[in-house]
Visitor: 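Below you will find the structure I want to go over with you.
Numbering starts at 1 and runs along the sequence shown.
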Amino acid sequence: MTATNVRVGIVMGSDSDWDKINGVAKALDEFNVGYEIHVMSAHRTPDRVLEYASSASSRGLRVLIAAAGGAAHLAGVVASHTTLPVIGIPVKTEVMGGLDSLLSTVQMPGDVPVATVGLGSGGARNAGILAVQILALTDPELEEALKIFKEKLVAKIAAKDAAFQERLQN
């Protein structure tokens, strides 16, 4: 996505996470929402995370998304340095299948909220859609696009049900 009209910041703990979370960018692309993506670590580059999160609002970002695996503290550290909404994507790991990431992301202390999505490709996609929903609160065009998106989901499931019913009859 180009740097014009960037409203969502995406950070991930490792570049190897991209293949697991790129659904977030695909969802944002569907709604023509601009974003930027960076690699940074809560543990290895804490000063960079601090600078990024604390300057995000003044740079025009409105939602931050942080993806990390294992000791997945990135979303929480980002949230501690901004007033923007933060969405955490727990990244699946080989050690515990991502349960470690999920628990690290979702178990935030009181007063430091992180909206956490599920593991896997559905979670990453949901992070993008949730960011769009947050932005749509003050963007009527995005709100309308979301209504159309939801209508298409209804039609898609209705078509699947009709096809299934047809298979049952044969």
Side-chain angles (χ1 to χ4, degrees), residues 1-42 44-69 72-92 98 101-102 105-106 108 112-156:
M1 177 65 51
T2 63
T4 60
N5 202 22
V6 172
R7 297 191 279 172
V8 177
I10 303 168
V11 294
M12 56 188 169
S14 171
D15 62 337
S16 65
D17 294 338
W18 183 241
D19 289 340
K20 299 172 188 171
I21 67 137
N22 63 28
V24 66
K26 292 175 184 175
L28 293 170
D29 286 340
E30 285 177 37
F31 290 92
N32 296 313
V33 171
Y35 56 87
E36 62 184 30
I37 307 167
H38 297 282
V39 176
M40 57 188 71
S41 167
R44 296 181 187 98
T45 61
D47 292 339
R48 183 163 183 225
V49 174
L50 168 90
E51 172 59 31
Y52 183 82
S54 63
S55 68
S57 180
S58 66
R59 292 184 295 107
L61 298 179
R62 294 294 164 249
V63 179
L64 298 177
I65 299 173
H73 298 128
L74 185 56
V77 172
V78 167
S80 71
H81 294 294
T82 187
T83 58
L84 296 175
V86 176
I87 303 168
I89 303 175
V91 175
K92 189 173 181 179
S101 310
L102 176 63
T105 305
V106 79
M108 292 301 301
V112 187
V114 169
T116 306
V117 295
L119 288 162
S121 61
R125 179 166 174 75
N126 281 345
I129 293 170
L130 180 56
V132 172
Q133 290 176 319
I134 292 168
L135 294 169
L137 292 171
T138 57
D139 184 330
E141 288 181 25
L142 272 183
E143 183 180 18
E144 184 60 29
L146 280 167
K147 287 178 185 176
I148 293 167
F149 171 77
K150 295 283 187 171
E151 290 168 1
K152 287 180 181 178
L153 287 178
V154 170
K156 178 181 173 181

Visitor: Taking the side chain as every heavy atom from C-beta outward, state whether Val63 and Val33 have any pair of such atoms under 4.5 Å apart.
Guide: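 Contact flag for Val63/Val33 side chains = no.
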Visitor: Determine, stepwise, if the pair Ile148 / Lys152 fulfils side chain to side chain contact (heavy atoms under 4.5 Å, CB included).
Guide: CA-CA 6 Å; Ile148 293 167; Lys152 287 180 181 178; 3.8 Å; yes
Visitor: Report the distance from atom OG1 of Thr138 to atom CD of Glu143, rounding to the nearest 0.5 Å.
Guide: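 Rounded to the nearest 0.5 Å, the OG1-CD separation comes out at 10.0 Å.
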Visitor: Considering residues, nucleotides and ligands other than Lys92, do more than 12 of their heavy atoms fall under 6.0 Å from its NZ?
Guide: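 Atom NZ in Lys92 is not packed in, count stays at 12 or less.
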Visitor: So which atom in Asp17 and which in Ala68 form the shortest heavy-atom distance, rounded to 0.1 Å?
Guide: OD2-CA, 4.2 Å
Visitor: Shortest non-hydrogen contact from Ala66 to Val78?
Guide: CB-CG2, 4.5 Å
Visitor: Atom CD1 in Ile10, atom CD1 in Ile21: separation rounded to 0.5 Å?
Guide: 6.5 Å
Visitor: Can any side-chain N or O of Arg44 pair as donor or acceptor with the backbone N or O of Gly13 at less than 3.5 Å?
Guide: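 The answer is no, because no donor-acceptor pair under 3.5 Å joins these two groups.
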Visitor: With rounding to the nearest 0.5 Å, note down the distance linking CG in Leu130 to CG in Leu135.
Guide: 9.5 Å
Visitor: How long is the gap from CG on Asn22 to OG on Ser121, to the nearest 0.5 Å?
Guide: 9.5 Å
Visitor: Could you check Leu119, Thr116, Val117 and say which one makes a side chain to side chain contact (heavy atoms under 4.5 Å, CB included) with Thr105?
Guide: Thr116
Visitor: Does atom CZ of Arg59 have more than 12 heavy-atom neighbours, drawn from other residues, nucleotides or ligands, at distances under 6.0 Å?
Guide: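 Yes, CZ of Arg59 has more than 12 neighbouring heavy atoms, counting only those of other groups under 6.0 Å.
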Visitor: Measure the shortest side-chain to side-chain distance between Leu61 and Glu36 over non-hydrogen atoms and say whether it is less than 4.5 angstrom.
Guide: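 Yes, their side chains come closer than 4.5 Å.
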Visitor: Give the minimum heavy-atom separation between Leu142 and Arg7, together with the two atoms involved.
Guide: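 Shortest heavy-atom separation between Leu142 and Arg7 comes out as CD1-NH2, 3.4 Å.
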Visitor: Identify the heavy atoms of Ala131 and Val8 that sit nearest to each other, and give their distance.
Guide: CB-CG2, 4.3 Å
Visitor: Checking Ser101 side chain against Pro90 main chain: does a donor-acceptor pair fall under 3.5 Å?
Guide: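 Judged by distance alone, no pair lies under 3.5 Å.
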Visitor: To the closest 0.5 Å, what do you measure between OG1 (Thr45) and CG (Leu50)?
Guide: 10.5 Å
Visitor: Quick one: CD on Gln133 to CG on Asn126, what's the gap to the nearest 0.5 Å?
Guide: 8.5 Å
Visitor: With heavy-atom distances below 4.5 Å as the criterion, would you say the side chains of Trp18 and Ile37 are in contact?
Guide: yes
Visitor: Which heavy atom in Phe149 sits nearest to a heavy atom in Glu30, and how many Å separate them?
Guide: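 Residues Phe149 and Glu30, closest heavy atoms: CE1-OE1, 4.4 Å.
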Visitor: Within a strict 4.5 Å, meaning less than it, do heavy atoms of the Leu146 and Val132 side chains meet?
Guide: yes
Visitor: Just to verify, what does Arg62 make a salt bridge (Lys or Arg N to Asp or Glu O under 4.0 Å) with, not counting sequence neighbours?
Guide: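 Testing Arg62 for salt bridge (Lys or Arg N to Asp or Glu O under 4.0 Å), a comparison that skips the adjacent residues, returns none.
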Visitor: Using every non-hydrogen atom in the two residues, find where Tyr52 and Gly9 come nearest and quote the distance to one decimal.
Guide: OH-CA, 3.2 Å
